[in-house]
Amino acid sequence: MESLVFAMVQEPSATASVAEQARSLLGAHLTGHGVTIMVTEVEAYAGPDDPASHAYTRTARSEIMYGPPGRLYVYRIHGHHCANVVVAGPGPAAAVLLRAGAVTEGTEVARARRGATRSGPVPDSRLAAGPGNLCRALGITMTDLGTDLADPTTPVTLTPAVAGTTGPIVAGPRVGVRRNADVEWRFWIDGQPSVSAYRRHPRAGR
DNA sequence: CCTCCGATGTGCT
DNA sequence: GCACATCGGAGGC
């Protein structure tokens, strides 16, 4: 409650709908290279007014977020890939990070891509748990950067959710961000086993 | 050039 | 809860 007021004061109405668009992606179906997931966890990132966003500074890497919505923004971090949907915010360069999903098709392919950890095989419910693992399960790499997600002929496509079919949606602070660490722009479907545990950035303020 | 540092994942104490 | 592998982007010099 208090944090919501804080967010509204900090972020004027220009970015409020970025969070709404992130919420609306929950329950959508994303297909990547033969594997389909239902999206269970997302995070909203705004543009130049959101220091946690890559679009906070406009560079060659973040340029795609200043372009048309519905395209895929892929970046690498710590040797992993992360996938975002560029959305049309009231402000420029809004995007939604796809953090987790439940595999609904292509489970065998996803298992093969994930392989086994030292402690054993990855449970099917966690094949696309976490943004890096989601990309691995779906075979998303930098070659998919800029894909038009509405074009059914591409290897990566997004099918919108039917509103009101996901069950309860929960919100909290974004995982692992140092700046704007208290803005509650992570959204997930309550009870889904693919959803990440919250980890605060070690050097986040407060 | 060179340094810093993550929108991470995994394993271990 | 904590350490660390890992690597490219971004910015400083």
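Because the structure is a prediction, the values reported are computed rather than measured. Numbers restart at 1 for each chain; the letters A, B, ... are given by sequence-line order, proteins then strands.
- Of the residues listed (A:V42, A:L134, A:V175), the one engaging A:R99 in a side-chain contact (heavy atoms from CB on, under 4.5 Å) is A:V175, and it is the only one.
- Listed by first residue number, the stems of DNA chain C with at least three Watson-Crick or G-U pairs below 3.5 Å are B:1-6 with C:7-12, B:8-12 with C:1-5.
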Can you check each nucleotide of nucleotides 4-13 of chain B against protein heavy atoms at under 4.0 Å and return B for base, S for sugar-phosphate only, - for none, in 5' to 3' order? -SBBBSSS--
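- Residue A:H81 contributes atom NE2, which lies 15 Å from atom C1' of C:dG9 at whole-angstrom precision.
- Note that the CG atom of A:L72 and the OG1 atom of A:T157 stand 10.5 Å from one another [nearest 0.5 Å].
- Within the 4.0 angstrom heavy-atom criterion, no nucleotide atom of any strand lies near A:R174.
- Note: CZ (A:R200) to P (C:dG1) measures 12 Å, nearest angstrom.
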Using the rule given for side-chain contact (heavy atoms from CB on, under 4.5 Å), can you reason through A:V177 versus A:Y45, listing the C-alpha separation, both sets of side-chain angles and the distance that settles it, and then say yes or no? CA-CA 11 Å; A:V177 298; A:Y45 287 87; 3.5 Å; yes
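- Ion pairing between a basic and an acidic side chain is recognised when a charged N comes within 4.0 Å of a carboxylate O; A:D182 and A:R200 show such pairing.
- Under the 4.5 Å side-chain heavy-atom criterion for grouping Ile, Leu, Val, Met, Phe, Trp and Tyr, A:L138 is connected to A:V109 within one hydrophobic cluster.
- With hydrophobic clusters built from ILVMFWY side chains whose heavy atoms lie under 4.5 angstrom apart, A:V195 does not share a cluster with A:V96.
- Atom-to-atom, CZ of A:R58 to P of C:dA10 comes out at 13 Å; the value is rounded to the nearest Å.
- Note that the OG1 atom of A:T117 and the CZ atom of A:R126 stand 11.5 Å from one another [nearest 0.5 Å].
- Between atom CZ of residue A:R58 and atom OH of residue A:Y66 there is a gap of 6.0 Å, rounded to the nearest 0.5 Å.
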